[in-house]
Amino acid sequence: MQKPAIMKTTTTLLSDYEFEAVTESGHKVQIDMRPAEEKQGQSPTELLLSALSGCASVDLVQMLKKRKRTVNNLKVTAEGTRREEHPRGYKHIKLHFVLESPDAKMEEFEKLGHMAATKYCSVAGTLSSEVEHTFEIIR
């Protein structure tokens, strides 16, 4: 039996509306909750859309290349509709894939894109996972 992979990030308050998340390997992401006109980074819900489209993109490109398809460019737009009530999570997410390739076929592209976004993308798989909470106060 394979040992479960454990990943960890630490998010730290920088100011009232700004946070920084850092991975164990030192990679950083700025999280910004300022009003739209003052924003300098992505909000957590925007990061979720970015993570989902990024994850599906990586998987799709690898599947296309395994089939010896040329990938000149891939753009994935993620659009999420949020609930009005709290928690204001996404009730619907749409991924739109645009591939530049001289030899990919539409039927194959749609099939692989669907598999990338639903079967292989770990972010998509996580959207229905159970989340555990623990708390600590330091005085």
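From a predicted model like this one, the values you see are computed outputs, not experimental measurements.
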| Spacing of CE belonging to M33 relative to CG belonging to D16, to within rounding of 0.5 Å | 12.5 Å
| field | Heavy atoms of other groups near E84 CD, more than 12 under 6.0 Å | value | no
| query | Counting N and O atoms only, with roles assigned by atom type, does the side chain of Y90 sit under 3.5 Å from a partner on the main chain of L49, one being a donor and the other an acceptor? | reply | no
| Less than 4.5 Å apart, any side-chain heavy atom of L112 and any of R67? | yes
| field | Backbone N/O of T70 and side chain of S101: donor-acceptor pair under 3.5 Å | value | yes
| message | Does K111, at its NZ atom, have more than 12 non-hydrogen atoms belonging to other residues, nucleotides or ligands within less than 6.0 Å? | response | no
| Closest heavy-atom contact between A104 and R69? | CA-CD, 4.0 Å
| message | Nearest 0.5 angstrom please: D59 CG to M115 CE, how far? | response | 10.0 Å
| How many angstroms lie between CD in E110 and NZ in K105, if you round to the nearest 0.5 Å? | 14.0 Å
| task | Determine whether F97 and M106 fall in the same hydrophobic cluster, where Ile, Leu, Val, Met, Phe, Trp and Tyr are linked whenever their side-chain heavy atoms lie under 4.5 Å apart. | result | yes
| Does any N or O in the side chain of R82 come within less than 3.5 Å of the main-chain N or O of K91, such that one atom is a donor and the other an acceptor? | no
| Neighbour count >12 (heavy atoms, 6.0 Å) for atom CD, Q30 | yes
| Co-membership, hydrophobic cluster, residues F19 and L48, 4.5 Å side-chain | no
| task | Please check if the side chain of R34 supplies one atom and the backbone of D32 the other of a donor-acceptor pair under 3.5 Å. | result | no
| field | Smallest separation among heavy atoms of A56 and C121, with atom names | value | N-SG, 3.9 Å
| query | If Ile, Leu, Val, Met, Phe, Trp and Tyr residues are connected whenever their side-chain heavy atoms lie under 4.5 Å apart, and connections chain through other members, are Y17 and L47 in the same group? | reply | no
| said: In the structure I gave you, are the side-chain heavy atoms of F109 and L60 within less than 4.5 Å of one another anywhere? | reply: yes
| query | Going hydrophobic residue to hydrophobic residue with side-chain gaps under 4.5 angstrom, can you get from V29 over to V123? | reply | no
| query | Are the side chain of K65 and the backbone N or O of V71 linked by a donor-acceptor pair below 3.5 Å? | reply | no
| Is E38 atom CD crowded by more than 12 heavy atoms from other residues, nucleotides or ligands, each under 6.0 Å away? | yes
| remark: Separation between CD (E79) and CD1 (I93), nearest 0.5 Å, reads 10.5 Å
| message | Just so I know, are the side chains of Y120 and M63 near enough to count as touching, which here means a heavy-atom distance under 4.5 Å? | response | yes
| task | Taking all non-hydrogen atoms of both residues into account, name the closest pair between E46 and G41 and its distance. | result | OE1-O, 4.1 Å
| Heavy-atom closest pair, residues A117 and A124 | O-CB, 3.1 Å
| task | Identify whether L13 and I31 are in the same connected component of the hydrophobic contact network (ILVMFWY, side-chain heavy atoms under 4.5 Å). | result | yes
